[in-house]
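These notes are about the structure you will find just below.
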Amino acid sequence: MNELEYINTGVPQEEPQRQYYFMKKGRELAEELSRQAGRKLTFCVTTFGCQMNARDSEKLTGILEQMGYVEEPEEEKADFVIFNTCTVRENANMRVYGRLGQLSRMKKKNPYMMIGLCGCMMQEPEVVEKIKKSYRYVDLIFGTHNIYKFAELIVTRLESGRMVIDIWKDTDKIVEDLPNERKYSFKSGVNIMFGCNNFCSYCIVPYVRGRERSRNPKDIVREIERFVADGVVEVMLLGQNVNSYGKTLDEPMSFAQLLQEIEKIEGLQRIRFMTPHPKDLSDELIEVMSKSKKICKHLHLPLQSGSTRILEKMNRRYTKEQYLHLVEKIRAKVPDISLTTDIIVGFPGETEEDFLETMDVVQKVRYDSAFTFQYSKRTGTPAAVMEEQVPTGIVKDRFDRLLKEVQCISAEVCSVYTDTIQEILVESVNDHDETLVTGRMSNNLLVHFPGDDSLIGTIVFVRLTECRGFYYIGERIMK
Ligand code: SAH
Ligand code: SF4
Ligand code: F3S
């Protein structure tokens, strides 16, 4: 049935009611399949890429659970496998194709198996063409803009028995109040905005995530309040550039103002956010961070390059000096802040001198940690057609030198907390030693110390007794 036919059959036109209708319908269809199979049908959502995708996967999980599917951690055993894909660098794409190839064998053995693909990679027409041609056994393909329609798309697939493809170019729609299943009981990502308007010249994200749009502050606060009532103590506010939050709202509001509203939520203990762009990080935000009791002492401030010449070609809209000045301003107001960053090496035209400028910023700022990437050419972006692409050997060499420097500084910077007492949010029982738990400091560093699972989700005081490179060993103290 197409959308017009549904109008005559009592299917709600409004969202999210429409999707709840399809979740119910999908549940009936899945129950029937489950009866035929003689067992509960299972699902596995595999997430690639950033925290936005991780949050989207929680929405997919919530919808599947509403439809009666049961989570199965092992991809090969699940009846419904979804890949929520990333396309920010070429290697992310390659991993998806590799995994997809492996799944074809499983699908031959399991008649109930379905494979769904969604996320950023699906917004690229060449990718969808390739899948249509070479991976015919995929059941469902959709993109980043219509993820809220997941239930409806599953029903369409089950009723039609054919591959369903639904990709939108862009959207200005934000659908609230859909189910979602949080991965952690005590912390959660919270979307505050979608899309990106910055068009850094190397980056595919604005093309696959569409134009910037902010959620209504009331919806954000209401969602966090609900989470808190359900045991969440820490939120991570998510946006490609959180500094542009609120600009397009009917009643515009700054990100700093939003933070102040969220700070008021009783019971919420920690607020993190990702990612602020250095070009428009306001004094107001620094001020709010310096006064806040809940905003964590951590700022991820992507540098990308230390060379003003390259920054201009990247369309980052700040110079090396402006970036360094910003770091000074932040450190002056929030002295104990931990700074982390993203750096790309081998952007087209990057010379040895440009690279040394990047090394210089790394040495001056002394980051707590840095994600370093080799430039990856993304078709459709301005940088992909720039001349002077840097040869792979040179990129690798610079990458290795940068990584070494970053790690060396990071080990020194991280060790300064030895013998201090810190508030730690306990996240899990230690993977390797059951007598230990693992928690996180406000500045994002990990600490392992004796404890048990009853501490998970609580904030406790811990003395950091020993630094082991990028994490600490500690002991709990009663305060
Ligand atoms: N909106 C965020 C994050 C975007 S993607 C920001 O502005 O920082 C995460 C990181 O991937 C970027 O910070 C950048 O360092 C890296 N990245 C993006 N495109 C890339 C490309 N084509 N090649 C290599 N790294 C890239
Ligand atoms: Fe990409 Fe730049 Fe937007 Fe970040 S701000 S998502 S790097 S275009
Ligand atoms: Fe990747 Fe999309 Fe995030 S391209 S980094 S998953 S926004």
Side-chain angles (χ1 to χ4, degrees), residues 1 19 22-49 53-54 56-87 92-122 127-144 146-167 178-181 183:
M1 267 197 276
Q19 296 314 311
F22 281 108
M23 278 176 238
K24 185 163 169 277
K25 186 155 183 159
R27 192 183 180 98
E28 286 157 17
L29 293 169
E31 269 167 10
E32 178 52 36
L33 288 176
S34 162
R35 258 193 300 279
Q36 286 171 22
R39 59 187 162 81
K40 283 255 176 220
L41 294 186
T42 58
F43 74 93
C44 176
V45 180
T46 302
T47 313
F48 300 83
N53 259 19
D56 282 348
S57 289
E58 294 182 342
K59 297 174 189 168
L60 299 172
T61 301
I63 292 171
L64 283 166
E65 291 191 344
Q66 286 281 316
M67 294 174 78
Y69 282 89
V70 180
E71 188 153 19
E72 159 60 60
E74 280 181 60
E75 209 165 275
E76 282 79 18
K77 291 189 186 155
D79 296 300
F80 196 169
V81 177
I82 323 280
F83 288 158
N84 190 5
T85 62
C86 168
T87 186
N93 294 42
M94 297 326 288
R95 278 166 56 212
V96 169
Y97 290 126
R99 297 273 277 273
L100 206 48
Q102 287 166 15
L103 281 186
S104 83
R105 275 182 297 120
M106 308 316 300
K107 189 147 183 182
K108 286 193 188 110
K109 284 192 227 151
N110 179 357
Y112 297 96
M113 186 166 182
M114 290 210 289
I115 301 174
L117 296 175
C118 64
C120 296
M121 229 175 119
M122 300 307 127
V127 170
V128 176
E129 278 314 306
K130 179 167 171 164
I131 291 164
K132 268 161 66 180
K133 229 165 77 202
S134 313
Y135 300 87
R136 290 293 315 156
Y137 50 90
V138 169
D139 295 276
L140 181 57
I141 303 176
F142 56 104
T144 55
N146 52 349
I147 181 166
Y148 73 88
K149 277 184 70 182
F150 187 37
E152 183 168 348
L153 295 171
I154 298 177
V155 170
T156 312
R157 165 64 188 83
L158 291 174
E159 286 184 336
S160 71
R162 284 201 302 268
M163 186 194 252
V164 170
I165 303 177
D166 192 14
I167 312 283
L178 282 166
N180 59 79
E181 188 57 41
K183 190 168 169 197

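The two atoms that bring E72 and C44 nearest to each other are O-CB, 3.2 Å, heavy atoms only. Looking at every heavy atom in both residues, S57 comes nearest to T47 through OG-OG1, 2.8 Å. Taking every heavy atom of both residues into account, L64 and F150 meet most closely at CG-CE2, 3.6 Å. Contact detail for A151 and I63: the closest heavy-atom pair is CB-CG2, 3.8 Å. Closest approach of M67 to F22, counting heavy atoms only: CE-O, 4.4 Å. Residues C86 and G49 come closest through the heavy atom pair CB-CA, 3.5 Å.
Of the possible donor and acceptor atoms, one in the side chain of T85 sits under 3.5 Å from a partner among the backbone N and O of M121. With N84 contributing its side chain and N53 its backbone, the two residues share a donor-acceptor pair below 3.5 Å.
Rounded to the nearest 0.5 Å, atoms NZ (K59) and CG (L178) are 8.5 Å apart. Atom OG of residue S104 and atom CE of residue M113 lie 9.5 Å apart, to the nearest 0.5 angstrom. Separation of atoms CG (L60) and CD1 (I147) is listed at 4.0 Å; rounding is to 0.5 Å. The OG1 atom of T42 sits 9.0 Å away from the OH atom of Y69 when rounded to the nearest 0.5 Å. Between atom CG of residue L29 and atom CZ of residue R157 there is a gap of 11.5 Å, rounded to the nearest 0.5 Å. The line from CZ of R39 to CG of L33 is 10.0 Å long, rounded to the nearest 0.5 Å.
Between Y97 and Y135, the angle of the ring planes stays under 30°, which puts this pair in the parallel group of the 30/60° scheme.
Checked by atom type, the side-chain pair N146/D166 shows a donor-acceptor distance below 3.5 Å. For the 3.5 Å distance criterion, the side chains of T87 and N93 qualify, holding a donor opposite an acceptor.
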Next on the checklist: I'd like to know whether R27 forms a side chain to side chain contact (heavy atoms under 4.5 Å, CB included) with E31, so could you lay out the CA-CA distance, the side-chain angles of the two residues, the decisive distance to 0.1 Å, and finally the verdict.
Outcome noted: CA-CA 6 Å; R27 192 183 180 98; E31 269 167 10; 3.6 Å; yes
Item to check | Verdict with reasoning, Y137 to K108, per side chain to side chain contact (heavy atoms under 4.5 Å, CB included) | outcome: CA-CA 9 Å; Y137 50 90; K108 286 193 188 110; over 6 Å; no
Checklist entry - Given the rule in the salt bridge (charged side-chain N to carboxylate O under 4.0 Å, His left out) test, do K25 and E28 qualify, once you have shown the distances and angles that lead to the verdict? => result CA-CA 5 Å; K25 186 155 183 159; E28 286 157 17; over 6 Å; no
Item to check | Stepwise side chain to side chain contact (heavy atoms under 4.5 Å, CB included) test for M122 and V127 | outcome: CA-CA 6 Å; M122 300 307 127; V127 170; 4.0 Å; yes
Next on the checklist: Apply side chain to side chain contact (heavy atoms under 4.5 Å, CB included) to residues I82 and F43 and explain how you reach the verdict.
Outcome noted: CA-CA 8 Å; I82 323 280; F43 74 93; 5.8 Å; no
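Using a cut-off of 4.0 Å between Lys/Arg side-chain N and Asp/Glu carboxylate O, D139 and K107 are scored as salt-bridged. A salt bridge links R35 and E32; the closest N-O separation between the charged side-chain nitrogens and carboxylate oxygens is under 4.0 Å.
Considering L103, L100, V81 in turn, L100 is the only one that fulfils the side-chain contact (heavy atoms from CB on, under 4.5 Å) rule with V138.
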